[in-house]
Amino acid sequence: MYEQKTKETEQSVTQFIEQIESPGKREDAYKLLDIFSETTGYPAKMWGPSIIGFGTYHYKYATGHEGDAPLVGFSPRKAKISLYFATGDDQREELLQRLGKHTAGKACVYVNKLDDIDAVVLKEFIEQSVKFLRETYGA
């Protein structure tokens, strides 16, 4: 049976952020922590060793694969900051076009630094992602 790798942990979010070597990334992580916390209303929790997540939902795919994941989150990685939003939302592309300088994968949006993106659009993205996952999965 499949064992989910990324699970909510009891690791301290603050301790994790304090271990970030780059002062700029550490500062951005604290700013993102405030933005995500205020926008979602959920407390920050560590998911696996490096993802800071907010809220949770249970997903189940047609294949039978299921698990739990944060509604939204971020990870201040060495190369770029990864932002985690819902996939499958028809508003995602429009929000990405207004977000600012970024690259995007299937589920992740990558930014070099927080100043590269529009904070107002980031908050809209967070709100829309949470709304979409609540409607889709009853989160």
Side-chain angles (χ1 to χ4, degrees):
M1 178 156 191
Y2 173 80
E3 176 75 24
Q4 186 174 338
K5 291 179 191 165
T6 306
K7 298 178 183 177
E8 188 176 322
T9 72
E10 295 300 318
Q11 181 184 0
S12 164
V13 171
T14 305
Q15 277 184 333
F16 170 71
I17 292 173
E18 283 300 315
Q19 293 174 3
I20 298 169
E21 290 179 25
S22 163
K25 278 252 173 28
R26 192 168 45 249
E27 185 179 324
D28 279 354
Y30 278 119
K31 287 178 185 175
L32 285 167
L33 182 63
D34 289 342
I35 291 169
F36 275 79
S37 294
E38 290 170 14
T39 306
T40 66
Y42 291 108
K45 301 279 187 175
M46 290 301 301
W47 285 75
S50 62
I51 297 172
I52 300 170
F54 301 82
T56 185
Y57 73 101
H58 186 79
Y59 61 86
K60 186 171 184 175
Y61 300 137
T63 60
H65 173 79
E66 63 182 294
D68 296 307
L71 291 168
V72 290
F74 70 93
S75 182
R77 303 197 187 274
K78 248 184 187 159
K80 294 182 184 250
I81 298 168
S82 300
L83 305 172
Y84 299 96
F85 301 112
T87 58
D89 184 2
D90 58 2
Q91 292 187 21
R92 181 180 171 92
E93 283 305 313
E94 186 268 330
L95 288 164
L96 283 173
Q97 288 180 11
R98 295 190 296 120
L99 184 61
K101 186 179 174 185
H102 72 279
T103 55
K106 185 176 177 182
C108 296
V109 176
Y110 306 99
V111 298
N112 289 322
K113 58 187 183 296
L114 201 49
D115 286 343
D116 286 345
I117 60 174
D118 185 324
V120 172
V121 177
L122 173 60
K123 290 176 185 177
E124 285 180 50
F125 216 140
I126 294 166
E127 290 169 349
Q128 178 56 31
S129 190
V130 169
K131 178 181 177 223
F132 174 77
L133 290 170
R134 282 185 178 148
E135 290 171 355
T136 305
Y137 294 98

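Residue numbers start at 1 and run along the sequence shown. All figures in this text were calculated on a predicted structure; none of them were measured in a lab.
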Report the distance from atom OG1 of Thr136 to atom CZ of Arg134, rounding to the nearest 0.5 Å.
12.0 Å
When rounded to the nearest 0.5 angstrom, what is the spacing between CD1 in Ile35 and CG in Leu122?
5.5 Å
Rounded distance (nearest 0.5 Å) linking atom CZ of Phe36 with atom CD1 of Ile126:
4.0 Å
Under 3.5 Å, side chain of Arg92 to main-chain N/O of Thr87, donor-acceptor pair present?
no
Under 3.5 Å: donor-acceptor pair, side chain of His102, backbone of Tyr110
no
Would you call the rings of Tyr137 and Tyr57 parallel, tilted or perpendicular, taking 30° and 60° as the class edges?
tilted
Once you round to the nearest 0.5 Å, how far does CE of Met46 lie from CD1 of Ile17?
8.0 Å
Are there over 12 heavy-atom neighbours, none belonging to Lys31, within less than 6.0 Å of that residue's NZ?
yes
Roughly how far apart are Lys78 NZ and Ser50 OG, rounded to 0.5 Å?
12.5 Å
Rounded to the nearest 0.5 angstrom, the CD-CZ distance for Glu21 and Arg26 is 9.0 Å
Criterion side-chain contact (heavy atoms from CB on, under 4.5 Å) on Leu133 and Val72, from CA distance to verdict
CA-CA 9 Å; Leu133 290 170; Val72 290; 5.6 Å; no
Above 12 or not: heavy atoms from other molecules or residues under 6.0 Å from NZ of Lys131?
no
